[in-house]
Student: 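Structure below; questions to follow.
Lettering of chains follows the sequences in order, A, B, ..., and the numbering in each one begins at 1. The basis for the numbers below is simple: all heavy atoms, side chains too, and nothing from hydrogens, waters or symmetry mates. Computed from a predicted structure; not experimentally measured.
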Protein chains: 2
Amino acid sequence: MTTQNTVDLLRLYKLRPTRQRVALAALLFDGTARHVTAETLHGQVKDMGITLSLATIYNTLHQFTKVGLLKEIRGIGDATWFDTNIDQHHHFFDITNDHLIDIPASSITISNLPDSPQGKVIDGIDVIVRLSDE
Amino acid sequence: MTTQNTVDLLRLYKLRPTRQRVALAALLFDGTARHVTAETLHGQVKDMGITLSLATIYNTLHQFTKVGLLKEIRGIGDATWFDTNIDQHHHFFDITNDHLIDIPASSITISNLPDSPQGKVIDGIDVIVRLSDE
DNA sequence: CAATTATTTTACAATCATTCTAAACTACTT
DNA sequence: AAGTAGTTTAGAATGATTGTAAAATAATTG
């Protein structure tokens, strides 16, 4: 993504286009599905010669999630993952190498779910399909 | 569960029936589905006037899981949950009060799952149905 | 453009769940 | 009863994450 497009994207979401947010957005939003943790992303920016504090990475990932640019995924290993695929979807998780692969929600059919308890409604469904070597 | 039954249970699983393991097993295995974290269980034993170190709770929960007396559940809030229901099953998770409800695996039908990547097999499937107030 | 204000970044300390460590303790065997 | 192997424990350490307060930077206003 060009810097100008990134700046426009951030402004669209009412986020001040600071140097660090522009760098992170440019890295994340290239149109492909990316899965990062604060640590992996920190490593990637460091590899590009940019220095960003880890706190800023956390702040930014949460801000991007809040405005809907990212989706947060819990329950995969110990860290929180962030996914540039913001559609409702599920995941394969390869436990041998901590690798995530998206599964479109449309590729999974869940039926016969029991009734929700009185007064409760379904807020969302998360499916994690764990993979290992055969 | 009586103390003697608990002792027998532990021996059956080749776990030395120490005072602390007997106390925890008696508390956990009363035949009902229990969901605990190290912290909630620690609170429960404390309420019964028994003093156990948190490290022992962690050790014991992991040992019980290893022999198949408990099932570990990740991805629910920040802590690791342990479930006395060891059958393959899924969960409702009420986000308003951090409450878990089991869903038997037989009560959910998952179909049309995409093929696993080359050389990988499905190790397990975890479904979490998040509930909120309507 | 300069000054002011508002937001952001950052280093560092703090927190929380969990694990490690090494010493004290206890169940089991002889 | 003594030995030894397995357990428990307090307390330190770890790793992911959040809080804090000061320094830096972006936006706004005159």
Student: Could you tell me if the side chain of B:L113 sits less than 4.5 Å from the side chain of B:I125, heavy atoms only?
Tutor: yes
Student: Check the distance between C:dT15's C1' and B:L54's CG and give it to me in whole angstrom.
Tutor: 15 Å
Student: Let me know the distance between CH2 of A:W81 and P of D:dT17, rounded to the nearest Å.
Tutor: 11 Å
Student: Considering every strand and a 4.0 Å limit on heavy-atom distances, what is the contact class for B:T80: base, sugar-phosphate, or nothing?
Tutor: sugar-phosphate
Student: Can you tell me how far CD1 of B:I57 sits from NE2 of B:H42, rounded to the nearest 0.5 angstrom?
Tutor: 5.0 Å
Student: Below the 4.0 Å mark, does C:dA27 have OP1 or OP2 next to a side-chain nitrogen or oxygen of B:R11?
Tutor: no
Student: Want to settle it: does B:R16 or A:R21 sit nearer the 5' end of DNA chain C, counting the closest nucleotide to each?
Tutor: A:R21
Student: Is A:A55 touching bases, backbone alone, or none of the nucleic acid, heavy atoms closer than 4.0 Å?
Tutor: base
Student: Quick one: A:H62 NE2 to C:dT9 P, roughly how many Å, whole number?
Tutor: 15 Å
Student: Are A:L69 and A:V36 linked, directly or through other ILVMFWY residues, by side chains that come within less than 4.5 angstrom of each other?
Tutor: yes
Student: For a quick check of understanding: with a heavy-atom distance under 4.0 Å over all strands, which category does A:T18 fall into, base, sugar-phosphate or nothing?
Tutor: sugar-phosphate
Student: Write down the distance between CZ (B:R19) and C1' (C:dC28), rounded to a whole number of angstrom.
Tutor: 17 Å
Student: Please give, in whole Å, the distance from D:dA10 P to B:Y58 OH?
Tutor: 15 Å
Student: Regarding B:H90 and B:D126, do their side chains bring together a donor and an acceptor under 3.5 Å, going by distance alone?
Tutor: no
Student: State whether A:S53 places a side-chain N or O below 4.0 Å from either non-bridging phosphate oxygen (OP1 or OP2) of C:dT10.
Tutor: yes
Student: Is the B:F29 ring parallel, tilted or perpendicular to the B:F64 ring (thresholds 30°, 60°)?
Tutor: tilted
Student: Would one find a side-chain N or O of A:Q20 under 4.0 angstrom from OP1 or OP2 of D:dT25?
Tutor: no
Student: Check every strand shown and say whether A:H42 touches a base, only sugar-phosphate, or nothing at a heavy-atom separation below 4.0 Å.
Tutor: nothing
Student: Tell me: CG of A:D78 to P of C:dC16, nearest whole Å?
Tutor: 18 Å
Student: How many whole angstroms separate atom CG of B:L15 from atom C1' of C:dT26?
Tutor: 16 Å
Student: Which whole-number value in Å describes the distance from B:I57 CD1 to D:dG11 P?
Tutor: 17 Å
